[in-house]
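Notes follow the structure.
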Amino acid sequence: MPVNPNDDPYYRLRHSLAHVMAQAVLELFPEGKIAIGPPVENGFYYDFDLPRPLTPEDLAEIEARMRRIISGNHPFVYRVVSAEEARELFRDQPYKLELIEGLIQGADEYGERQEGNGAPAGGTVISTYRQDTFEDLCRGPHLEHTGQIDPEAFKLMSIAGAYWRGNEKNPQLQRIYGTAWNNRAELEQYLWRLEEARKRDHRRLGKELDLFSVSDEVGPGLILWHPKGAMIRVIAEDFSRQAHLNAGYEWVFSPHVGRAHLWETSGHLDFYKENMYAPMDIEGDTYYVKPMNCPFHIQIYRSHLRSYRDLPRRYAEYGTVYRFEKSGVLHGLTRVRGFTQDDAHIFCRPDQVEEEIGHALDFSLYVLRSFGLSEFTAYLSTRPEKYVGRAEDWDRATAALERAIEAHALPYKRDEGGGAFYGPKIDLKVNDALGREWQLSTIQFDFNLPERFDLEYIGEDGQPHRPYMVHRALMGSMERFLGVLIEHFAGAFPLWIAPVQATIIPITDKQMEYACQVRQHLTDAGLRVELDDSRDRMQGKIRRAQLQKVPYMLIIGAREQETGAVAVRTRAGEDLGAMPLAAFVERALEEVRTRAG
RNA sequence: GCCAAUGUAGCUCAGUCGGUAGAGCAGCUGUUUCGUAAACAGCCGGUCGCCGGUUCGAGUCCGGCCAUUGGCUCCA
């Protein structure tokens with residue numbers, strides 16, 4: 001998304017660099033066609049239609065030309081042109097001509113309709129900016145001259161394909177991304193952050209820490225959890241399941257496939273079919289692998305006649321679903337084809353909605369905070385133009401969502417009309433240790449499925465009524481959640497989550513027997529420990545445990561053996577010295593109990 | 001799905017002009033018994049992603065496919 005000029009101090013710099021880059025590219029490819037080039041987060045891009053694919057060498061050449069242009073101290077000159085002048089000026093630039101026609105119709109330079117920004121009735125003002133030999137259709141603003149750009153504070157980052165106007169029916173252009181900052185120190189800081197993000201990439205750590213893999217033999221987007229990754233998942237699932245039970249949810253299980261008729265009733269075969277795996281024929285009946293759990297939970301609800309006194313019912317499940325995602329969108333654990341949702345469906349009366357939503361949001365925050373995530377942004381999506389259900393139900397539900405957000409004093413953004421056709425929702429995004437935003441929790445109303453499945457409960461009046469239905473997932477999917485946790489902690493999990501909590505390191509094999517006793521003792525105390533009985537020296541064992549980010553290393557030499565102690569080293573490199581075994585157990589259990597870290 | 005790049009040992013990578021495969025780590029074996037981030041030596045390990053083509057000869061060149069990566073689009 002292009003950024004707003006008013007609230008981004010880098011807007012002029014980055015926008016100006018986009019123009020400078022366009023000039024450099026046209027110098028290199030005089031016959032090239034230019035599309036649009038806005039500032040974005042951390043930098044800018046420009047889209048081009050060029051006679052051949054760009055190479056990394058081209059980027060170096062373009063950068064060099066940009067520096068030369070910058071050194072010319074060229075002013076950015078603004079002028080307003082008439083539609084006729086604009087058409088003449090850009091007669092060889094078909095994309096610009098298309099934009100100009102849009103401007104005449106009152107759209108902005110990105111083709112978006114302008115509302116109430118003072119656009120004259122005859123269309124938007126058409127203006128250009130020129131620096132050196134290059135004049136571009138542009139609303140601005142820009143820097144005063146290229147001399148205000150630090151030639152050491154920008155860098156061209158990558159070449160990517162991008163559809164003209166973001167529509168996959170349109171031709172695909174070549175997009176060059178650049179990053180730009182006020183000075184070299186800022187640029188280096190940004191590059192350092194990228195490097196840091198690369199180091200904690202969950203795909204890299206997943207391999208290094210032996211947490212999970214994806215096998216070509218199994219298929220793309222399908223995760224194999226190795227013992228250590230699975231351990232983390234078991235811990236997370238156990239914790240969350242217990243929390244659900246404590247919070248009044250009822251645990252359920254449902255199958256992985258269901259008959260076609262179920263998916264016809266739910267509507268999935270109408271509006272979700274391209275995301276479902278192909279059907280299978282079983283004894284002449286058609287079955288589909290489930291892309292969602294809702295229809296199953298609904299069947300559980302429908303298994304009895306429900307009284308108003310039975311509500312709310314909250315059914316929770318770790319439901320594994322399969323969705324056919326396009327091959328190009330798959331990404332590690334965060335975008336996969338098979339994943340397990342921590343899914344729950346709440347069936348309640350209209351008068352219970354307020355409390356249920358408040359409770360669900362409260363519960364989400366509690367669970368996420370327990371895992372060390374503390375920064376959240378809520379996104380409220382409201383009624384779109386096309387919707388099902390009654391407007392008054394939507395209003396009541398939306399108000400309940402809004403009050404829940406406000407009661408928790410969460411920062412939030414409204415996406416007016418951004419809800420699904422079946423109901424309004426809150427999405428909760430978390431910020432990780434590097435400040436990156438991840439979508440995890442979602443709380444969604446559904447005014448569609450209760451109708452389609454004809455859900456009801458018998459009210460006080462003895463008449464049937466339609467219950468409200470709420471979908472919600474806290475961690476979202478276990479796959480994505482663990483991916484986020486890996487990156488948040490950079491693989492150095494707090495003690496309570498760490499798959500291996502301590503590595504026992506005997507200095508020589510004379511201590512092996514005592515080391516085995518220590519292992520037994522710690523295991524009996526409920527701790528997850530490994531004994532390094534390799535023939536490496538102590539330093540080598542420490543290094544290996546360190547690289548595996550094991551929270552504690554328990555070093556055992558002759559002295560410890562004599563006194564029944566362990567010498568404790570933390571993965572932070574801190575040497576806590578020798579302590580009685582019982583003292584370490586107490587320390588570790590307390591750390592687990594408080595989920596410190 | 002689209003654009004581009006990449007795919008060589010379990011991992012990280014090198015491999016020149018087309019001439020028959022290389023390192024470090026890991027693993028195995030032996031020696032070493034050692035006090036807070038890598039002891040030493042030897043050995044094992046490859047259908048160079050897959051299929052086809054060009055060539056006397058292909059990891060290397062060409063075509064198709066698969067997968068991965070960066071984006072786009074998508075994520076009701």
Side-chain angles (χ1 to χ4, degrees), chain A residues 40 45 47-50 52-56 58 157-177 198 201 203-204 207-208 210 213-221 266-268 270-275 291-292 294 323-332 334-337 339 381 384 386-388 418-423 425 427 439 442 444 446 448 471 476-477 480 505-512 534-548 553-560 567-571 573-578:
Chain A
V40 289
Y45 68 78
D47 288 343
F48 304 96
D49 189 349
L50 301 174
R52 66 164 173 85
L54 289 163
T55 65
D58 291 326
M157 303 298 284
S158 62
I159 305 156
Y163 299 107
W164 167 236
R165 291 195 154 164
N167 185 333
E168 64 183 324
K169 303 271 190 300
N170 286 340
Q172 195 153 29
L173 308 170
Q174 295 192 71
R175 173 173 298 179
I176 304 177
Y177 279 98
R198 197 181 65 80
D201 187 316
R203 292 167 302 182
R204 174 194 176 102
K207 202 178 275 181
E208 287 175 6
D210 196 17
S213 64
V214 181
S215 158
D216 282 5
E217 295 287 314
V218 175
S266 71
H268 285 94
D270 286 335
F271 60 78
Y272 204 71
K273 192 168 188 192
E274 70 276 15
N275 281 296
M292 294 187 191
C294 335
R323 297 181 187 176
F324 178 73
E325 301 282 1
K326 288 180 183 176
S327 57
V329 308
L330 300 175
H331 181 91
T334 56
R335 196 74 187 274
V336 292
R337 284 184 176 160
F339 56 97
S381 301
K386 282 183 66 181
Y387 67 97
V388 299
F421 73 90
Y422 54 77
K425 65 173 179 175
D427 288 329
Q439 151 116 44
T442 184
Q444 309 190 356
D446 193 326
N448 183 44
H471 311 261
S477 86
R480 175 178 294 182
I505 299 178
I507 294 178
T508 76
D509 48 19
K510 293 194 187 74
Q511 286 85 45
M512 202 56 80
S534 70
R535 297 166 67 199
D536 291 314
R537 300 200 306 184
M538 178 196 66
Q539 283 88 338
K541 295 178 186 182
I542 288 176
R543 179 183 153 82
R544 191 161 44 234
Q546 197 77 47
L547 290 174
Q548 287 295 303
M553 281 147 264
L554 306 179
I555 291 147
I556 292 174
R559 294 201 294 271
E560 286 74 23
V568 180
R569 178 193 158 103
T570 70
R571 71 183 156 204
E574 203 182 352
D575 185 352
L576 301 181

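Please read these numbers as outputs of a predicted model, since none were measured by experiment. Basis for what follows: all heavy atoms, side chains included, without hydrogens, waters or symmetry-related copies.
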What integer distance in Å separates A:Gln511:CD from B:rU33:C1'?
9 Å
Under a 4.0 Å heavy-atom criterion, the protein footprint on nucleotides 35-47 of chain B, written with B, S and -, is BBBBS--------
For atom CG of A:Leu173 and atom C1' of B:rA4, their distance in whole Å
13 Å
OP1 or OP2 of B:rG1 versus the side-chain N and O atoms of A:Ser327: is any pair under 4.0 Å?
yes
Rounded interatomic separation in angstrom, taking CD from A:Gln174 and C1' from B:rC2:
13 Å
Would you call the rings of A:His268 and A:Phe271 parallel, tilted or perpendicular, where under 30° means parallel and over 60° means perpendicular?
tilted
For B:rC65, give its Watson-Crick or G-U wobble partner with both distances under 3.5 Å, or none.
B:rG49
Can you build the contact string for nucleotides 59-66 of chain B? Use B for base contact, S for sugar-phosphate-only contact, and - for no protein heavy atom under 4.0 Å.
--------
Which heavy atom in A:Phe48 sits nearest to a heavy atom in A:Ile176, and how many Å separate them?
CE1-CD1, 3.8 Å
Can you tell me the pairing partner of B:rU29 across any strand shown, Watson-Crick or G-U wobble, with both distances under 3.5 angstrom?
B:rA41
Nucleotide B:rC3, atom C1' - distance to CH2 of A:Trp164 in whole Å:
17 Å
Length of the CZ-C1' vector between A:Arg198 and B:rU12, whole Å
12 Å
Less than 4.0 angstrom between a side-chain N/O of A:Lys207 and OP1 or OP2 of B:rU12, yes or no?
yes
Expected output: side-chain A:Gln174 to main-chain A:Arg52 donor-acceptor under 3.5 Å:
yes
With a 3.5 Å distance limit and no angle check, can you tell me whether A:Arg323 reaches the backbone of A:Pro291 through a side-chain donor-acceptor pair?
yes
Determine, for A:Asp47 against A:Arg175, whether the closest basic-nitrogen to carboxylate-oxygen distance falls under 4.0 angstrom.
yes
Take A:Val568 and A:Leu554 through the test side chain to side chain contact (heavy atoms under 4.5 Å, CB included) and record every step on the way to the result.
CA-CA 5 Å; A:Val568 180; A:Leu554 306 179; 3.9 Å; yes
Check: A:Arg480 side chain, A:Gln439 main-chain N or O, donor-acceptor pair, under 3.5 Å:
yes
Using whole Å, what does the distance between atom C1' of nucleotide B:rU68 and atom CZ of A:Arg204 come to?
16 Å
Polar atom pairs between nucleotides 72-76 of chain B and protein, under 3.5 Å, N or O only, would you list them?
residue : atom : partner  : partner atom : Å
B:rC72  : O4'  : A:Gly161 : O            : 3.0
B:rC72  : O2'  : A:Tyr163 : N            : 3.0
B:rU73  : O2'  : A:Glu168 : OE2          : 3.1
B:rC74  : O2   : A:Arg335 : NH2          : 2.9
B:rC74  : N3   : A:Arg335 : NH1          : 3.3
B:rC75  : O4'  : A:Arg335 : NH2          : 3.4
B:rA76  : N6   : A:His268 : NE2          : 3.3

Rounded distance in Å - CZ (A:Phe48) to C1' (B:rG71):
15 Å
Please check if the side chain of A:Gln548 supplies one atom and the backbone of A:Glu208 the other of a donor-acceptor pair under 3.5 Å.
yes
Can you see if the side chain of A:His331 gets near the phosphate of B:rU68 - specifically, an N or O under 4.0 Å from OP1 or OP2?
no
Strictly distance-based, threshold 3.5 Å: is any side-chain N or O of A:Lys541 a donor or acceptor partner for the main-chain N or O of A:Ile507?
no
Whole-Å distance between B:rA5 P and A:Arg52 CZ?
11 Å
